[in-house]
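Here the structure is laid out as structure tokens; the discussion comes afterwards.
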Amino acid sequence: MSDYRSMWQDLGMDLENHDLLCQVLPTAVGDVFLSQKNRPKAMDFWDLVISEVHGIRPAELVKAQQEGRKVFGTFCVYVPDEVIIAANGIVTGLCGGSQFWVPDGEKVLPKSTCPLVKASVGARLGRTCPFFRIADMYVGETTCDAKKKAYEILGEDVPMYVMDVPQMKRPQDIVRWKDEIAAFAKRVEEFTGNTITPQKLAEAIKVINERRKALKRVFDCRKSECLPISGRDALLMMQISFFDDPVRCAKMCNRLADELEQRIKDGVSVAEAGAKRILVTGTPLAVPNWKLHQIIETSGAVVVCEEMCTGNRYFENLVDETQETLEGQFMALAERYMKTNCACFTPNKGRIDDIMRMVKEYHVDGVIDCNLKFCCLYDTEKYQVSRALKEAGVPVLSLETDYADTDAEQLRTRVGAFVEMISAK
Ligand code: BJ8
């Protein structure tokens, strides 16, 4: 492993505490990923990235900053990466997925806040995440109350821009979102000192569409009855895509998809014969939150798709590439991003439709709807999700969890019973 200590020191990180975080990661990676048999060779890229997750990419970002580029840290898939890239900026995801950061978040947030928000704030305040230290500007959004209030705290010592996401999807809301994207583009231009031209935005739209297509190719392989990749590996690929350079991400995902397509032709599967196919839906699984996938895939089942932001929502629906004016491009962006079905919208029937469609496409035997504790939006929506699935005769298990390991055995018991139940059908 390379030595990144001087970089972390320059970033003002709490090295002593950060060492504690670094100590647990290799064991987790070994247990969850490296212990699997028959993995695709192309996963070597993501194994390397995750083994040095606080080193390799942060070092690239610091170098880019030294060359004059700005880094924007984002928390939600509604923030249009294309606008930032068109101004020669760099996007990095910031959502926290580790229990390690939660206690620092609880120093300033109510305990009854969702762990994703507590971990994100804790990662910043505890100075134990290089991405939070590197980002020149944070970009938030008005999706849920927990995030909205947390952004006020995060914005105390870092430039913070909050995008006002509509709560409905009427035609006037889409036009309002287009105006919001245009206002964001203005701020990004000011902050980077670079002008966003129609040509640069067209190029950026293409780059992000190519990433979407590559991610989709990998997901399409998961539809096969011969399953060429585990849910854990697909999740890792997806989580890292929020941090990686989008061009390299597309290249690596296409390389993985090439191998997976070949595996399908050769009949190479990672699943035991008869393993039940699970769709996971719910709140996002930010890195390094692998708890649920690990439990499912060591309980006689396999995860074949995720209906969530760290899943289909990140790559489905391309942005129209034919627009030639900024106005037309902002509208094309607005239309694409408003197709994303987060529980922060009302009504949000599109999410139910997505789940039902994916159940068919991925040949799903059962659905696990798993939400983070204190996420009122997804917790409430589980009623409609489970009703629709039950009406369609699809077995569904609703779970609630957080980032701590304390409920792992309880989850294992419930997941095990669910898998047994669908196996007996
Ligand atoms: S588009 S899911 S990334 S908002 S889990 S912080 S909603 S209390 S993360 Fe999300 Fe954008 Fe929606 Fe996706 Fe709040 Fe719920 Fe916590 Fe959440």
Side-chain angles (χ1 to χ4, degrees), residues 72-81 91-99 101-102 105-106 109-124 138-154 161-169 173 177 180-181 184 235 238-239 241-243 280-287 289 291-292 306-317 333-334 336-348 350-352 354-355 369-382 385 398-403:
F72 294 75
T74 62
F75 300 85
C76 178
V77 299
Y78 282 109
V79 175
D81 291 357
V91 188
T92 183
L94 286 182
C95 289
S98 170
Q99 176 62 22
W101 292 311
V102 168
E106 287 180 344
L109 294 168
K111 278 200 170 27
S112 57
T113 304
C114 110
L116 187 148
V117 173
K118 286 191 288 196
S120 302
V121 171
R124 167 70 200 176
Y138 296 166
V139 186
E141 73 310 312
T142 56
T143 45
C144 74
D145 289 352
K147 278 175 153 186
K148 277 189 278 196
K149 299 320 282 180
Y151 294 145
E152 293 171 16
I153 297 171
L154 285 173
Y161 187 93
V162 178
M163 297 188 77
D164 190 4
V165 178
Q167 309 285 286
M168 298 177 80
K169 292 180 179 174
D173 297 312
W177 183 235
E180 192 62 24
I181 293 173
F184 176 54
L235 177 63
M238 182 56 70
Q239 290 172 329
S241 67
F242 283 79
F243 296 87
V280 174
T281 183
T283 46
L285 297 166
V287 71
N289 182 6
K291 184 165 76 172
L292 184 65
E306 297 80 15
E307 189 288 315
M308 52 177 55
C309 291
T310 42
N312 70 315
R313 292 188 214 146
Y314 196 49
F315 63 79
E316 281 186 350
N317 304 308
L333 287 166
R336 185 269 160 193
Y337 279 88
M338 280 295 115
K339 286 184 189 142
T340 300
N341 295 314
C342 172
C344 64
F345 282 86
T346 185
N348 191 33
R351 178 169 169 230
I352 310 285
D354 286 344
I355 294 172
D369 180 9
C370 187
N371 299 308
L372 287 170
K373 264 185 197 150
F374 307 118
C375 175
C376 177
L377 294 168
Y378 281 85
D379 198 22
T380 308
E381 213 164 86
K382 76 170 188 262
V385 169
S398 302
L399 298 173
E400 197 183 52
T401 186
D402 56 17
Y403 290 167

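All values below come from the heavy atoms of this structure, side chains included, with hydrogens, waters and symmetry mates left out. Start at 1 and go down the list; that is how both ligands and their atoms are numbered.
The ring pair (Phe, Tyr, Trp, His ring centres under 6.0 Å) check on F345 picks up Y78, with sequence neighbours excluded. E307 meets the salt bridge (charged side-chain N to carboxylate O under 4.0 Å, His left out) test with R313, R351; sequence neighbours excluded. For W101, the side-chain hydrogen bond (donor to acceptor under 3.5 Å, both in side chains) test picks out T128, with sequence neighbours left out.
In this pair, F184 and Y161 present their aromatic rings tilted. The plane angle is within the 30 to 60° band.
At least one protein heavy atom sits closer than 4.0 Å to atom 16 (Fe) of ligand 1.
In the vicinity of Y78, heavy-atom distances shorter than 4.0 Å reach the ligand 1 atoms 1 (S).
Here the protein heavy atom with the shortest distance to atom 2 (S) of ligand 1 is Y378 OH, 3.2 Å. In terms of protein heavy-atom proximity, atom 11 (Fe) of ligand 1 is closest to C76 SG, 2.3 Å. Remark: minimum distance from atom 12 (Fe) of ligand 1 to any protein heavy atom is reached at C342 SG, 2.3 Å.
Considering D354, V280, N371 in turn, V280 is the only one that fulfils the side-chain contact (heavy atoms from CB on, under 4.5 Å) rule with M308.
Residue side and main chain included, C309 places an N/O/S atom under 2.8 Å of atom 13 (Fe) of ligand 1.
Excluding waters, the set of protein N/O/S atoms under 2.8 Å from atom 14 (Fe) of ligand 1 reads C144 SG.
Here the side chain of Q167 pairs a donor or acceptor atom with the backbone of V165 at under 3.5 angstrom. A donor-acceptor contact shorter than 3.5 Å links the side chain of Q239 to the backbone of L285.
Counting heavy atoms of neighbouring residues, nucleotides and ligands inside a 6.0 Å radius, atom NZ of K148 exceeds 12 of them.
With contacts defined as side-chain heavy-atom distances shorter than 4.5 Å, the pair L372/Y403 qualifies.
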